[in-house]
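The structure appears below as structure tokens.
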Amino acid sequence: MRGESAGTLIVGGGAGPRAAGERPDEDLLEGLNPPQRDAVTYRGSALLIVAGAGSGKTSVLTRRIASLLRGREAWPSQILAITFTNKAAGEMRERVEALVGDSARGMWISTFHSACVRILRREAEQFGFTSSFTIYDSGDSRALIKRLVKEHEADAFGLTPAAVMSKISRLKNELADAESYARTANMNDPVERVFVDLFADYQRALQRANAFDFDDLIAQTVYLFRAFPKVADVYRRRFRHILVDEYQDTNHSQYALIRELTKPIGSDAEPFAAAGGMMIFDAPAEDDPANAPASLTVVGDSDQSIYAFRGADIRNISEFEKDFPGAKVVLLEQNYRSTQNILSAANAVISNNFDRKDKKLWTDVGAGEQIVGFTGYSQHDEAQFVADEVEVLRKAGVDYAQMAVFYRTNSQSRALEEIFIRSAVPYKIMGGTKFYERAEIKDALAYLIAVANPADEMALRRILNKPRRGIGDVTETAIARYAADEQITFRDALANASALGVGPKIQAAIVQLDAVLAEASELMLPATGELAPSTAVADGLQLLLSKSGYSDALRASKDPQDEARLENLDELVAVTREFARNNPDGTLIDFLAEVALVSDADDLEDASGVVSLMTLHTAKGLEYDAVFVTGVEEDLIPHRISAGEPGGPQEERRLFYVGITRARKRLYLSLAMTRAQFGEVSVAMPSRFLQEIPAELLSWRQSPGDVNSRGGTRSRALNARGSGFGGSGRRYGDDLVPKSTSMERFANRIPAKVRDNGDMQLAPGDRIRHDDFGEGRVDAVTGEGAKRVAHVRFDAGGTKKLLVKIAPIAKL
DNA sequence: CGATGTACGCTTTTT
DNA sequence: GCGTACATCG
């Protein structure tokens with residue numbers, strides 16, 4: 001909830017002097033409803049806030065923190081608040097600062113990953129890493145695994161890099177390592193043996209590179225706490241109040257981390273093991289209040305759990321009361337965001353998930369506008385509707401920034417983008433940028449990593465021949481062999497170019513590269529004790545790019561895209577300068593960690609004055625006056641891949657629910673009759689979720705039936721579901737909508753006369769007549785079944801590709 | 001070693 | 001329909 005919906009947001013500095021007896025947090029409770037007040041003021045070891053969409057959870061969380069601080073119940077440094085994205089963390093910090101002023105500074109408000117990086121940075125030496133470790137993003141992990149798969153010839157066993165990667169990730173999220181997995185796996189299975197080898201090799205490679213992958217950041221922190229109780233106690237003593245947002249999206253390792261942090265201090269320590277039998281710290285006296293576990297507050301909504309696919313475990317929240325006996329539960333159901341129509345639609349949809357606790361959002365702001373439905377002929381037609389409607393709203397006084405367009409898959413953004421450009425609607429694609437995944441950016445970062453973490457061989461290999469300096473596979477292997485023979489690192493091998501036995505030209509190139517890296521190191525990593533100037537990262541990056549010849553190579557290139565690449569690099573330099581401004585003491589290592597942990601949802605910053613386009617996943621946690629959910633079709637939402645996964649369709653429904661509940665005043669649901677995917681056109685069917693919305697809430701500007709009447713075959717499409725896909729009707733516990741319902745909803749709009757060209761025989765040379773384009777001759781027919789496409793040359797001129805099944809054509 | 005051409009496979013969501 | 005990955009040629 002934003003400030004305006006819960007009464008006035010209290011802005012301003014600290015608590016100020018107060019009369020004795022007055023609650024120091026009275027103003028913090030202003031405008032809150034009774035359960036919200038409970039959530040702010042309850043004091044106990046464990047609190048679960050079940051916060052429905054738009055129920056003001058952020059407000060409650062920030063006020064709860066503010067009230068702890070103002071009441072002197074906690075120092076800022078004793079607070080650890082975990083959010084899902086860096087952006088959410090920044091927002092929360094801002095809002096707490098608005099309530100309590102600068103004293104918010106010492107708090108840890110960050111994502112799980114960032115918090116773990118901070119901890120690991122301090123403790124890395126304990127277990128074989130150095131504090132200058134770097135972080136492998138998914139791309140780095142993929143590259144490494146790919147190499148290992150090749151080395152092990154694991155593809156012969158059907159192990160693809162993608163499969164290995166996701167399995168390793170899943171195991172790490174369950175806190176399993178290669179060793180423990182090997183104990184449970186069936187090692188008679190050669191595939192399993194290869195996998196275990198791969199897993200172990202992968203882990204060794206990471207360790208050698210002094211690097212952690214995303215999953216390691218959490219898992220290794222848990223291992224650290226378990227292996228070194230004294231270290232764990234340092235953090236248990238420090239964090240007395242732990243708050244976790246979006247708890248429904250935590251996975252097992254994150255849960256385990258929270259468990260470790262909320263154990264009583266000294267609870268698993270072995271006092272006599274330390275310092276030769278001398279007790280050097282308190283005995284584990286659990287009844288000593290000083291050793292009491294930290295208080296834990298979690299906030300979540302199981303209806304908004306949309307990350308099960310990457311290990312989020314809904315049981316973390318559904319079994320919270322069992323996990324933390326005596327926990328208090330507060331339910332926030334009053335919604336301050338949306339109109340009742342929107343909420344009723346959301347409630348109706350989500351109530352189709354069968355194993356959920358019933359929860360109904362309500363509001364007192366009134367019914368509001370009806371939800372608008374629209375069916376386009378194609379995804380471009382659909383996009384045009386969205387663009388037109390955006391302009392209508394704009395003229396009615398709605399700011400572009402208050403409108404958002406959601407879609408299930410990133411690929412859907414292309415059609416929207418095309419139409420928006422043509423219609424001159426200003427927009428920004430959120431998260432789609434993938435700035436840090438661009439090759440030139442990864443190259444530049446690899447240069448920085450090579451300087452920051454010389455052990456990271458991957459980064460070094462990446463830049464070895466970028467720009468081209470004649471160092472190819474052969475030379476790379478020679479360097480690696482030399483390093484192995486001499487028992488030195490890959491990086492140190494570069495310094496001995498003359499010993500590699502390569503040609504003089506290549507030798508010179510290696511010397512040059514080595515020198516550039518050395519010079520940059522000196523600039524960015526000054527001798528211990530000295531502090532690098534805050535501009536060091538920016539200066540170092542520019543030095544690397546220019547002296548390595550990277551920039552020059554791009555400038556000299558005649559590929560027109562290279563100009564854009566240069567601009568991207570300038571942008572990266574700008575990012576380093578911005579970083580220096582925000583973190584005057586920030587080091588190169590800090591910069592790299594920040595970059596590795598930024599997510600797509602984080603650059604939602606300056607979307608002022610433009611319409612926001614994003615996936616439904618990215619939309620979580622955001623809200624807009626007007627929301628367009630596009631592509632509400634079967635196989636898209638619910639996505640076809642989800643059909644085979646346990647709980648998949650239900651998660652898709654939650655995703656749709658999340659999309660709906662982002663809207664404050666206006667909600668549009670749109671779909672297309674046909675959609676081009678993989679470069680081929682196919683027939684789309686309305687999503688089953690549409691039929692879960694009560695008819696009176698939804699007003700169709702153009703219903704699936706309307707589109708049909710133009711010559712399509714909607715009724716067939718709606719019905720077609722029954723055959724061959726999950727049987728007829730419904731299976732127990734499945735999400736299939738009974739066929740009769742789907743027919744009822746659209747029945748009155750489907751014309752009596754239905755055309756279905758499904759079995760029209762067409763061959764090259766046939767003549768046809770099209771309702772709009774007139775007569776023409778078939779050149780070719782491609783595709784199969786419902787996707788059969790006729791390539792027709794019309795007499796009036798021009799050729800068209802027509803989907804035979806639904807095109808308004810007749811054979812002559 | 002690098003440039004050019006072709007085949008293939010891919011598209012669910014992301015810290 | 002696009003980008004990557006591999007193969008072949010210069």
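Quantities reported herein were computed from a predicted structural model and do not represent experimental measurements. Residue numbering restarts at 1 for every chain, and letters A, B, ... go by the order of the sequence lines.
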Under the salt bridge (Lys or Arg N to Asp or Glu O under 4.0 Å) test, which residues partner A:D381, sequence neighbours left out? none
Please determine whether a side-chain nitrogen or oxygen atom of A:N465 lies at a distance below 4.0 Å from atom OP1 or OP2 of B:dG2. yes
Test item: A:R654 and A:N353 side chains (from C-beta on) under 4.5 Å apart, heavy atoms: yes
Identify the stems formed by DNA chain B, where each pair is Watson-Crick or G-U wobble with both distances under 3.5 angstrom and a stem is at least 3 consecutive pairs. B:1-9 with C:2-10
Closest nucleotide among B:dT11, B:dT15, B:dT13 to the A:H113 side chain: B:dT15
Under 3.5 Å, is there a donor-acceptor pair between the side chain of A:Q248 and the main chain of A:D303? no
For the pair A:Y307 and A:F84, evaluate ring pair (Phe, Tyr, Trp, His ring centres under 6.0 Å) and give the outcome as yes or no after the intermediate values. CA-CA 11 Å; A:Y307 287 106; A:F84 198 62; 5.1 Å; yes
Answer yes or no: is there an ion pair linking A:D245 with A:K57, defined by an N-O contact shorter than 4.0 Å? yes
With a 4.0 Å cut-off on N to O distance, would you call A:D140 and A:K442 a salt bridge? yes
Looking at A:N410, does any N or O in its side chain come under 4.0 Å of the phosphate oxygens OP1/OP2 on B:dT11? no
Using a cut-off of 4.0 Å on non-hydrogen atoms, how would the nucleic acid contact of A:Y307 be classed: base, sugar-phosphate, or nothing? sugar-phosphate
Ignoring backbone atoms, establish whether A:T618 has a side-chain N or O less than 4.0 Å from OP1 or OP2 of B:dT14. yes
Tell me: CD1 of A:I218 to P of B:dT14, nearest whole Å? 18 Å
A:L257 vs A:F225, side chain to side chain contact (heavy atoms under 4.5 Å, CB included): CA-CA, chis, key distance, verdict: CA-CA 8 Å; A:L257 183 71; A:F225 285 167; 3.8 Å; yes
Think A:T475 has a side-chain N or O under 4.0 angstrom from the OP1 or OP2 of B:dC1? yes
Flag the pair A:E634 and A:R640 as a salt bridge only when some basic side-chain nitrogen lies within less than 4.0 angstrom of an acidic carboxylate oxygen. no
Between B:dT14 (P) and A:F309 (CZ): distance, integer Å: 7 Å
Should A:L464 and A:F490 be marked as a side chain to side chain contact (heavy atoms under 4.5 Å, CB included) after you check the CA-CA gap, both sets of side-chain angles, and the distance that decides it? CA-CA 11 Å; A:L464 217 46; A:F490 199 87; 4.0 Å; yes
Rounded to the nearest Å, what distance is computed from the CG atom of residue A:D635 to the P atom of nucleotide B:dT11? 17 Å
Close side-chain approach of A:Q412 and A:T630, heavy atoms under 4.5 Å: yes
In whole Å, what is the span from the CG atom of A:D249 to the C1' atom of B:dT13? 11 Å
Side-chain contact check for A:H639: nearest option of B:dT11, B:dT13, B:dT15 is B:dT11
Between A:F84 (CZ) and B:dT15 (C1'), how many Å, whole number? 6 Å
Once you round it to whole Å, what is the distance between P of C:dC2 and CD of A:Q412? 17 Å
Residue A:R468, side-chain atoms from C-beta onward, closest of B:dA3, B:dT15, B:dT14: B:dA3
Polar pairs (N or O, both sides) under 3.5 Å between protein and nucleotides 5-8 of chain C?
{"unit_1": "C:dA5", "atom_1": "OP1", "unit_2": "A:K146", "atom_2": "NZ", "d": "2.9"}

Looking at B:dT14, I'd like to know if its phosphate oxygens (OP1 or OP2) sit under 4.0 Å from a side-chain N or O belonging to A:T615. yes
Given DNA chain B, 5'-ward residue of the pair A:F112 and A:R408, judged by closest heavy atom: A:R408
Here the distance between atom C1' of B:dT11 and atom CD of A:E633, to the nearest Å, is 15 Å
Just to be sure I understand the rule, does A:R414 reach a base, reach only the sugar-phosphate, or reach nothing, if contact means heavy atoms closer than 4.0 Å? sugar-phosphate
Categorize A:S411 for me: base, sugar-phosphate, or nothing, with a 4.0 angstrom heavy-atom threshold over every strand shown. base
How many whole angstroms separate atom CZ of A:F214 from atom P of B:dT15? 8 Å
